[in-house]
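Written below as structure tokens is the structure these notes are about.
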There are 2 protein chains.
Amino acid sequence: MSRTERRTVRDLRRGHRAMLLRALYFGGPASRHDLCAATGLSAGTVSTLTADLLDEDVVVEAGQVDSDGGRPRVLLRVNPDHGYAIGVDVGETQVRVELFDLGMTERAGASYALHSARHDPELVVRHLLEGVDTVLADSGVPAERVLGVGVGVPGIVEAGPDALVHATTFGWNAVPFGALVRAGTSLPLFVDNGAKTMGQAELWFGSCRGVSDAIIVFIGSGVGCTVVADGAIYRGSARAAGELGHLKIAAGGRPCRCGGRDCFEAYVGAEGILDRAGIAADSADQRPALARLLEAGSPVLAGTAELIGLGLSNLVHLFDPERIVIGGWAGLMLGEGLLEPIRAATAVNTMASFPPVPIVLGGLGADAVAMGAATLVVEEFLRGAQAAGAQATA
Amino acid sequence: MSRTERRTVRDLRRGHRAMLLRALYFGGPASRHDLCAATGLSAGTVSTLTADLLDEDVVVEAGQVDSDGGRPRVLLRVNPDHGYAIGVDVGETQVRVELFDLGMTERAGASYALHSARHDPELVVRHLLEGVDTVLADSGVPAERVLGVGVGVPGIVEAGPDALVHATTFGWNAVPFGALVRAGTSLPLFVDNGAKTMGQAELWFGSCRGVSDAIIVFIGSGVGCTVVADGAIYRGSARAAGELGHLKIAAGGRPCRCGGRDCFEAYVGAEGILDRAGIAADSADQRPALARLLEAGSPVLAGTAELIGLGLSNLVHLFDPERIVIGGWAGLMLGEGLLEPIRAATAVNTMASFPPVPIVLGGLGADAVAMGAATLVVEEFLRGAQAAGAQATA
DNA sequence: TGACTTTTTTTAAGGCTTAGATTATGGTCT
DNA sequence: AGACCATAATCTAAGCCTTAAAAAAAGTCA
């Protein structure tokens with residue numbers, strides 16, 4: 001039943017243009033000849049398409065490669081200064097705003113601490129807007145060259161212009177986050193779950209590069225995940241897929257902050273782990289508290305690895321991924337010491353007929369959420385690839 | 001990263017042709033004018049494409065619709081006799097072979113009983129091949145008009161020409177099922193997991209018609225499921241996705257026939273239910289035994305509904321479906337009396353931020369596996385839509 | 001019978017890709 | 001140094017495809 005779109009002969013060109021741009025973006029500098037091989041297009045088509053892109057300054061030349069007996073090939077690459085993307089991580093402890101060029105080099109950043117029970121949407125939005133102004137000023141990038149702002153938030157983000165956010169841990173219930181931000185800026189806006197933006201960052205630049213079926217698990221205070229199916233993020237019918245944190249994994253009856261019981265997150269999220277170890281920590285203190293716990297050792301940790309493995313085996317059975325990545329600040333901390341037990345527990349709980357699934361740590365650190373949020377903007381750019389000005393004023 | 005294919009101007013026509021054929025196949029009889037609206041193509045294109053299809057006898061006229069003041073529209077539909085598809089259900093208790101025309105009307109069928117511990121691959125293949133000969137003879141359809149044979153088998157089916165099958169319950173470990181069948185027939189062959197073929201049948205003709213994100217749960221002796229993502233079946237990296245049966249759901253420690261513990265199937269599959277109720281039944285006797293249990297009532301049943309609801313809530317959290325369908329012979333039997341408790345248990349275990357998910361029973365009965373297997377053949381036909389002869393001899 | 005509707009087919013125009021020919025650019029051999 | 005070769009990039013002619021508009025077909029209604 002999968003929908004196929006009507007296509008005109010011009011869509012071919014648009015599609016090929018996007019293909020070429022993707023190949024150039026992810027395939028580093030390449031000559032026109034290389035692009036023929038990468039895209040399967042003929043030399044003539046590559047030639048005219050690249051001429052367009054060069055004209056528009058989307059692509060620039062990047063030196064030559066000496067040949068051994070022939071005309072040297074001219075390398076091309078996406079112009080990193082053609083446009084910029086702002087990524088925002090709305091986390092439990094802070095709002096982090098970063099400005100990237102198209103090459104995903106960070107040009108400026110700003111952070112605003114949040115305190116427990118002070119996750120007022122208006123405050124968060126004020127921080128966000130101030131952050132945008134700050135990174136623009138610090139980097140000297142004019143606003144009209146910014147292709148958009150991507151935001152990663154906790155909880156479920158409904159589709160639609162208002163981007164309604166449901167985040168139980170923030171006490172947000174259908175907060176029109178998108179509408180609030182749009183009231184303060186005219187930049188194109190993209191809002192998604194933070195675990196998903198992290199997943200996209202790992203998919204594009206981290207431990208999942210080139211993998212087409214993968215799962216990226218985010219472990220912070222809470223737990224979420226990104227499912228990558230056939231190279232794209234799987235979102236489900238209401239953009240709520242991947243709510244790994246509230247999977248029911250055991251019959252111990254442990255209450256979860258979502259109001260339910262037996263949720264995965266209540267056992268293996270940082271808050272859950274600390275609580276099970278008898279440590280009460282304010283959200284801002286969880287990182288050091290977890291670090292101390294890991295250093296001191298605790299019987300809770302072995303059980304945590306077991307439970308994570310159990311959860312991951314469920315993901316393997318249902319999604320059959322090629323690879324699993326563990327990220328998020330707590331996930332990265334846990335992974336340092338517990339990766340082997342987690343791998344073992346996952347294997348034990350997985351049927352033998354499944355091929356063994358590599359489990360690795362995220363390669364981008366804890367900043368991946370903001371970077372991934374910026375990739376939402378770049379994704380749109382790669383799809384359409386209009387000139388920067390045209391997009392910003394649309 | 002999602003791959004885009006290079007396309008030539010002729011691919012446009014091929015794509016539009018397939019689009020048109022799909023619209024006609026699923027949209028019932030329609031006039032050329034209707035097809036313009038359905039596909040978005042211009043009248044001219046629809047006219048030439050349908051002319052081709054009529055020439056090739058893929059499509060036939062199906063009467064006229066009287067107009068009120070204008071040229072009457074000529075209705076077109078896919079020619080049901082243009083080709084035929086054979087679907088095979090390799091189940092725990094029998095091998096069922098059915099022959100369908102393109103309109104999915106059953107033209108002939110044959111069954112071969114299997115007995116416990118007699119799931120020898122060679123025997124199954126012999127039954128299958130004999131069944132194919134029988135349905136051809138009974139229906140009078142010449143073999144060269146058969147577009148292919150689709151087979152639904154238990155367990156995991158690896159991609160590749162040999163179609164290696166791993167089915168622990170049959171004792172099959174990497175059985176080259178496809179190779180064995182191909183040795184006995186030259187018809188195009190499609191092999192997939194039986195739960196997935198059933199899912200595709202429900203998606204095309206049953207309780208999931210027109211739904212683009214759904215989950216179809218198969219409950220028989222064991223348990224499996226089909227994940228429909230964006231109108232297509234989600235298969236994962238090794239075609240093993242959707243192994244719902246071996247999801248870990250509780251910490252009761254109940255052993256599963258897969259060798260693991262706490263598997264969903266060990267609790268809510270027919271075998272598991274009967275076992276928990278203290279009834280030992282040979283695979284051939286499970287249906288009547290379960291029927292008796294349901295009639296007599298048992299405290300095990302309420303718990304079963306609870307556990308099914310728990311499992312379904314996990315699916316909701318991870319996949320965010322628009323709808324859940326319960327099928328399979330045991331699922332349909334359980335659903336008659338337990339659908340409400342299952343719905344309630346699912347809702348209780350699902351976070352409030354999820355929209356409520358309708359849970360319904362399969363609409364095609366227990367024969368859906370074989371029908372779905374035949375749809376694998378039709379799916380290929382709709383993709384390429386070559387003439388019947390050309391495909392069979394390829 | 002003639003005006004009006006609606007459906008289909010035909011026709012002219014414009015765009016796209018490809019394959020092959022041509023031009024550009026530099027190395028290699030004598 | 002100059003002729004010749006190899007590789008890269010561009011140009012050109014040919015073939016398809018879709019669309020929009022015009023024309024034809026087939027009825028209804030006054």
Side-chain angles (χ1 to χ4, degrees), chain A residues 4-21 23-24 27-55 59-77 385, chain B residues 4-21 23-24 27-56 59-77 384-385:
Chain A
T4 327
E5 279 291 301
R6 172 181 82 108
R7 299 204 163 284
T8 131
V9 104
R10 284 178 105 146
D11 291 322
L12 276 184
R13 194 159 181 89
R14 271 192 281 275
H16 287 164
R17 178 185 157 120
M19 230 168 103
L20 201 69
L21 201 56
L24 221 38
S31 72
R32 292 173 178 79
H33 200 70
D34 298 335
L35 290 171
C36 294
T39 61
L41 295 168
S42 71
T45 303
V46 169
S47 194
T48 59
L49 279 174
T50 51
D52 285 357
L53 291 168
L54 281 164
D55 270 356
V59 161
V60 291
E61 297 196 348
Q64 294 196 347
V65 158
D66 286 356
S67 75
D68 27 25
R71 176 171 172 175
R73 45 183 69 180
V74 175
L75 293 180
L76 304 172
R77 68 189 165 96
Chain B
T4 328
E5 279 291 299
R6 169 183 84 109
R7 298 202 164 283
T8 132
V9 106
R10 285 176 103 147
D11 292 323
L12 276 184
R13 194 157 180 87
R14 271 192 281 276
H16 287 163
R17 180 185 156 118
M19 230 168 104
L20 202 68
L21 201 55
L24 222 36
S31 71
R32 293 174 179 78
H33 201 69
D34 298 335
L35 290 171
C36 293
T39 60
L41 294 169
S42 73
T45 302
V46 169
S47 193
T48 61
L49 278 173
T50 51
D52 285 358
L53 291 168
L54 282 164
D55 271 356
E56 295 168 24
V59 160
V60 290
E61 297 196 346
Q64 294 195 347
V65 158
D66 287 356
S67 76
D68 27 25
R71 176 171 175 174
R73 44 183 70 178
V74 176
L75 294 181
L76 304 172
R77 67 188 166 98

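FYI, side chains are in, hydrogens and waters are out, and symmetry mates aren't considered; it's all heavy atoms of this structure. Numbered from 1 within each chain, the chains take letters A, B, ... in sequence-line order.
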Ignoring backbone atoms, establish whether [X] has a side-chain N or O less than 4.0 Å from OP1 or OP2 of [N].
X: B:His33; N: C:dT6; result: no
X: B:Arg32; N: C:dT9; result: yes
X: B:Thr45; N: D:dC17; result: no
X: A:Thr48; N: D:dT10; result: no
X: A:Ser47; N: D:dA9; result: no
X: A:His16; N: C:dC16; result: no
X: B:Arg13; N: D:dT18; result: yes

Distance in angstrom units between [X] [atom1] and [N] [atom2], rounded:
X: B:Asp34; N: C:dT6; atom1: CG; atom2: P; result: 14 Å
X: A:Leu76; N: D:dT10; atom1: CG; atom2: P; result: 9 Å
X: A:Leu49; N: C:dG15; atom1: CG; atom2: P; result: 16 Å
X: A:Leu41; N: C:dA19; atom1: CG; atom2: P; result: 11 Å
X: B:Leu35; N: C:dT9; atom1: CG; atom2: C1'; result: 15 Å
X: A:Arg14; N: C:dG15; atom1: CZ; atom2: P; result: 13 Å
X: A:Arg17; N: C:dC16; atom1: CZ; atom2: C1'; result: 15 Å
X: A:Asp11; N: C:dT17; atom1: CG; atom2: C1'; result: 15 Å

Among all residues two or more places apart in sequence or in another chain, which pass the side chain to side chain contact (heavy atoms under 4.5 Å, CB included) test with B:Arg13?
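Scan of B:Arg13 (side chain to side chain contact (heavy atoms under 4.5 Å, CB included), adjacent residues dropped) gives B:Thr48, B:Leu49, B:Asp52.
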What are the atom names and distances for every N/O pair under 3.5 Å that joins the protein to nucleotides 26-30 of chain D?
residue: D:dA26; atom: N3; partner: B:Arg71; partner atom: N; Å: 3.4

Is a side-chain N or O of [X] found less than 3.5 angstrom from the main chain of [Y], in a donor-acceptor match?
X: B:Ser47; Y: B:Ala43; value: no
X: A:Thr50; Y: A:Val46; value: yes
X: B:Thr45; Y: B:Leu41; value: no

If you check the A:Leu12 side chain, which of D:dC17, C:dC16, D:dT19 turns out closest?
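From the listed options, C:dC16 comes nearest.
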Please determine whether side-chain contact (heavy atoms from CB on, under 4.5 Å) holds for the pair B:Leu75 and B:Glu61, giving the CA-CA distance in whole Å, both sets of side-chain angles, and the decisive distance to 0.1 Å.
CA-CA 6 Å; B:Leu75 294 181; B:Glu61 297 196 346; over 6 Å; no
With heavy atoms under 4.0 Å as the rule, sort B:Val46 into base, sugar-phosphate or nothing.
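Nothing, no heavy atom under 4.0 Å.
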Between A:Leu24 and A:Leu76, which heavy-atom pair has the shortest distance, and what is it?
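Heavy atoms of A:Leu24 and A:Leu76 come nearest at CD1-O, 3.7 Å.
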Indicate the atoms forming the closest heavy-atom contact of B:Gln64 with B:Pro72, along with that distance.
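Residues B:Gln64 and B:Pro72, closest heavy atoms: OE1-CG, 3.5 Å.
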